[in-house]
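Some notes on the structure that comes next.
Convention: sequence-line order gives letters A, B, ...; per-chain numbering from 1.
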Amino acid sequence: MLALHDTATGKVEPIVPRDVGRISMYVCGPTVYDVPHLGHGRFALVFDVLRRYAEFDGYEVRYVSNITDIDDKIITKAQQEGRTPEQVAEEFEGVWWSAMDSLGVARPYETPHATGYVNQMVDAIGEMASRGNAYEISDGVYFDTRAVKDYGLLALQAPETLAAGARVQSNAEKRSPLDFVLWKKAKPGEPSWPSPWGPGRPGWHTECVVMSLGLLGEGFDIHGGGADLAFPHHENERAQSIAMGKRFAHHWVHNGWVTVGGEKMAKSLGNYTSLSDFLSKSDPRAYRLLVLRSHYRSPLEVTPRTVKDAEEALSRMDAMSRRCGAGPTVDISGQYITRKDALALGALQDAVSRFCARMDSDLDTPGALAGIFELVKCGNTALDRGDAEEARRMALTVNALCAALGITLQNTDPGPSGVDAEDDRLVRERDQARADRDWARADAIRSELAKRGWVVEDSPDGTKIRKA
RNA sequence: GGCGGCGUAGCCGAGUGGUUCAGGCAGGGGCCUGCAAAGCCUUGUACAGGGGUUCGAAUCCCCUCGCCGCCUCCA
């Protein structure tokens, strides 16, 4: 049974779905005001893998992840560039999805946009106000955090100590420095929506409550996001839900940072690598592998060296799958493989069980990968001792388990489409040269093929080529 | 200031007190190969430092040092 660390209790707890056989999961998505960086990629990959694994394990997963398309940063950017906030949001949402596609992140079932839920947010704020848990001051409507007895749960701190540590000068009209804005009254030139408190826009913390409850219902199973969202964002969502008398997320899952030289990768520190930059230079699968090789709650150091390391490891898996003849893998982006599928394909039961045991244990992807690499070695060894069938089953298992993690192995020789007549001619000529023991000529042809972008490998069946 | 976390071999990175150094990458040696590539075998004797508990600690407790994060927008 799947168990995950819960930020609220600090312990690894079994996931007991609200609805039998179905897991409902909400993950805070990006604010689309700029290009996403590796840190955003990490959370997207972590939750993509959680989702894929739950599907693998036989659950139906309702996965919702939002797009924040109205926010101060979007407005500021739009003003600086003389565009509308809509144009800015649209542009960077496009960049986001294109990066997600490259990473092989499957689309959520629902991707609600904040601007599509303003009316519901106004209603929710009204509900909080009517219960006496929100109040209006000169620049907006605020949430009264004193309404929530255990405010600070996700920060693991008491409200008094949180308030004492507040580093930002508080609006003097606020009843407590911890109180947060629910509705921001519009200043001239700002986009706005009508409300009982005048034209304005919702504060950030309200959209996720409204959208998660609206799409997944009360008491949904998992709420996730980057560790920095635990407080105050998720705390404030929880508070609002309580203030409306609604049961909220049952389980809180937060992933750790991407770090650079030990420091958090962040826009404000300027130490970030954008996903597009990364993806234009490296195999997107390498980033997924890099993310999965560390535990999702640990910090993850990304350097050229660790990326190279991941690429080499990936090429080892590709090579094993290829030489052990697992056959073509389907492109699984956007699709899922289940445990049943894997076994039906011929994956080894024991290996699948071990894989699941690791994954069930707080998504131990490093352990799961270690198991896969053991299969890689066993398959190679089996092939070397001449047991092709055993090797093939190992390779099938590796393919299936990688697919469960969202990794598609590149294990096939290039099809007819990838090889032109000249390549084909060179391969035949080299085989002939080798048969004639004309090594000089065989080597010359190998160089020629290399120039044409192929890696040449000899095999019992003759010359094989694959893309460099 | 409050709270939380981290410090493991050349690098990355798991480790739930107890035979074999999780796994990957890089390096050395060997096998295979016409040479390569791919693969296999082999090689590493690590747990920040200091105390303590224990028959036994990387793993539990205490202290010290160093690093990071949250308390502000933030994945």
Find every protein N or O atom lying less than 3.5 Å from an N or O atom of nucleotides 45-49 of chain B, and list the pairs.
none

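- Counted by atom type alone, E207(A) and N66(A) present one or more donor-acceptor pairs between their side chains at under 3.5 Å.
- Under the Watson-Crick or G-U wobble criterion, with both distances below 3.5 Å, rA14(B) has no partner in any strand shown.
- Base-pair partner of rG34(B): not found among the strands shown (Watson-Crick or G-U wobble, both distances under 3.5 Å).
- When only modelled atom types and interatomic distance are considered, H251(A) and H223(A) share no side-chain donor-acceptor pair under 3.5 Å.
- Taking atom C1' in both rG39(B) and rC32(B), the straight-line distance is 8 Å, to the nearest Å.
- Residue contacts shown for A313(A) are limited to sugar-phosphate atoms, with no base heavy atom under 4.0 Å away.
- If you check rA75(B), rC40(B), rA38(B) against the side chain of D384(A), the one that comes closest is rC40(B).
- Taking 4.0 angstrom as the limit, K377(A) places a side-chain polar atom (N or O) nearer than this to OP1 or OP2 of rC41(B).
- At the phosphate of rC70(B), OP1 or OP2 sits under 4.0 Å from a side-chain N or O atom of K264(A).
- Map R42(A) and K308(A) each onto its nearest nucleotide of RNA chain B; the residue landing nearer the 5' end is K308(A).
- Residue N255(A) has no polar side-chain atom (N or O) positioned under 4.0 Å from OP1 or OP2 of rA75(B).
- Among the protein residues, Q157(A) comes within range of the nucleic acid bases, having at least one heavy atom under 4.0 Å from a base atom.
- In this structure, K174(A) fails the cation-pi test against F143(A), since its NZ or CZ atom is not both closer than 6.0 Å to the six-membered ring centre and inside 45 degrees of the ring normal.
- Here the separation of rG44(B) from rG66(B), taken at their P atoms, is 35 Å to the nearest Å.
- Checked against rG34(B), rC70(B), rG39(B), the side chain of A319(A) finds its nearest nucleotide in rG39(B).
- When heavy atoms are screened at a 4.0 angstrom cut-off, R430(A) is found touching base atoms of the nucleic acid.
- The residue R437(A) sits apart from the nucleic acid: no heavy atom pair falls under 4.0 Å.
- Base pairing of rC6(B): its partner is rG66(B), meeting the Watson-Crick or G-U wobble criterion (both donor-acceptor distances under 3.5 Å).
- In this pair, W96(A) and F43(A) present their aromatic rings parallel. The plane angle is below 30°, not in the 30 to 60° band.
- Nucleotides rA46(B) and rC31(B) have their C1' atoms positioned 30 Å apart, rounded to a whole Å.
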What pairs of nitrogen or oxygen atoms, one from the protein and one from nucleotides 13-23 of chain B, lie under 3.5 Å apart?
unit_1  : atom_1 : unit_2  : atom_2 : d
rG13(B) : O2'    : R293(A) : O      : 3.4
rA14(B) : OP1    : H295(A) : N      : 2.9
rA14(B) : OP1    : S298(A) : OG     : 2.9

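- Pair assignment for rC60(B) gives rG52(B), based on Watson-Crick or G-U wobble hydrogen-bonding distances that are each under 3.5 Å.
- Remark on RNA chain B: of its neighbouring residues A310(A) and R434(A), the 5'-side contact belongs to A310(A), judged by nearest-heavy-atom nucleotide.
- Counting atom types as modelled, R316(A) pairs no side-chain N or O with a base atom of rC25(B) as donor and acceptor under 3.5 Å.
- Between the side chains of Q432(A) and D436(A), at least one donor-acceptor pair of N or O atoms lies under 3.5 Å.
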Could you go through the salt bridge (Lys or Arg N to Asp or Glu O under 4.0 Å) check for K377(A) and E374(A) one step at a time? CA-CA 5 Å; K377(A) 175 168 279 193; E374(A) 271 158 20; over 6 Å; no
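- Pair assignment for rC73(B) gives none, since no Watson-Crick or G-U wobble pairing has each distance under 3.5 Å.
- Taking the P atoms as reference points, rU64(B) lies 28 Å from rC11(B), given to the whole Å.
- Within 3.5 Å, no donor on the side chain of D228(A) pairs with an acceptor on the base of rG69(B), nor the reverse.
- Residues F47(A) and V253(A) are in side-chain contact: their nearest non-hydrogen atoms beyond the backbone lie under 4.5 Å apart.
- The base of rA26(B) is not paired with the side chain of R305(A) by any donor and acceptor separated by under 3.5 Å.
- Counted by atom type alone, T259(A) and E263(A) present zero donor-acceptor pairs between their side chains at under 3.5 Å.
- Residue-to-nucleotide contacts include a donor-acceptor pair under 3.5 Å from the side chain of D458(A) to the base of rC35(B).
- If you take atom C1' in rG34(B) and the same atom in rG10(B), they sit 35 Å apart, rounded to whole Å.
- Cation-pi check for R51(A) over Y109(A) is met; the charged atom lies under 6.0 angstrom from the ring centroid and within 45 degrees of its normal.
- Among the atoms of the strands shown, none is found under 4.0 Å from any heavy atom of D72(A).
- Side-chain atoms of R42(A) and N255(A) include no donor-acceptor pair closer than 3.5 Å.
- Among the protein residues, V258(A) comes within range of the nucleic acid bases, having at least one heavy atom under 4.0 Å from a base atom.
- Nearest nucleotide to the side chain of A442(A), out of rC71(B), rG34(B), rG69(B): rG34(B).
- Using a 4.0 Å heavy-atom cutoff across all strands shown, G39(A) reaches at least one base atom of the nucleic acid.
- For F56(A) and F355(A), the gap between ring centers is short of 6.0 Å.
- Within a 6.0 Å sphere centred on NE2 of H113(A), heavy atoms belonging to other residues, nucleotides or ligands number more than 12.
- To the nearest whole angstrom, the two C1' atoms, one in rC67(B) and one in rC73(B), are 24 Å apart.
- Counting any heavy atom pair closer than 4.0 Å across all strands shown, G256(A) reaches a base atom.
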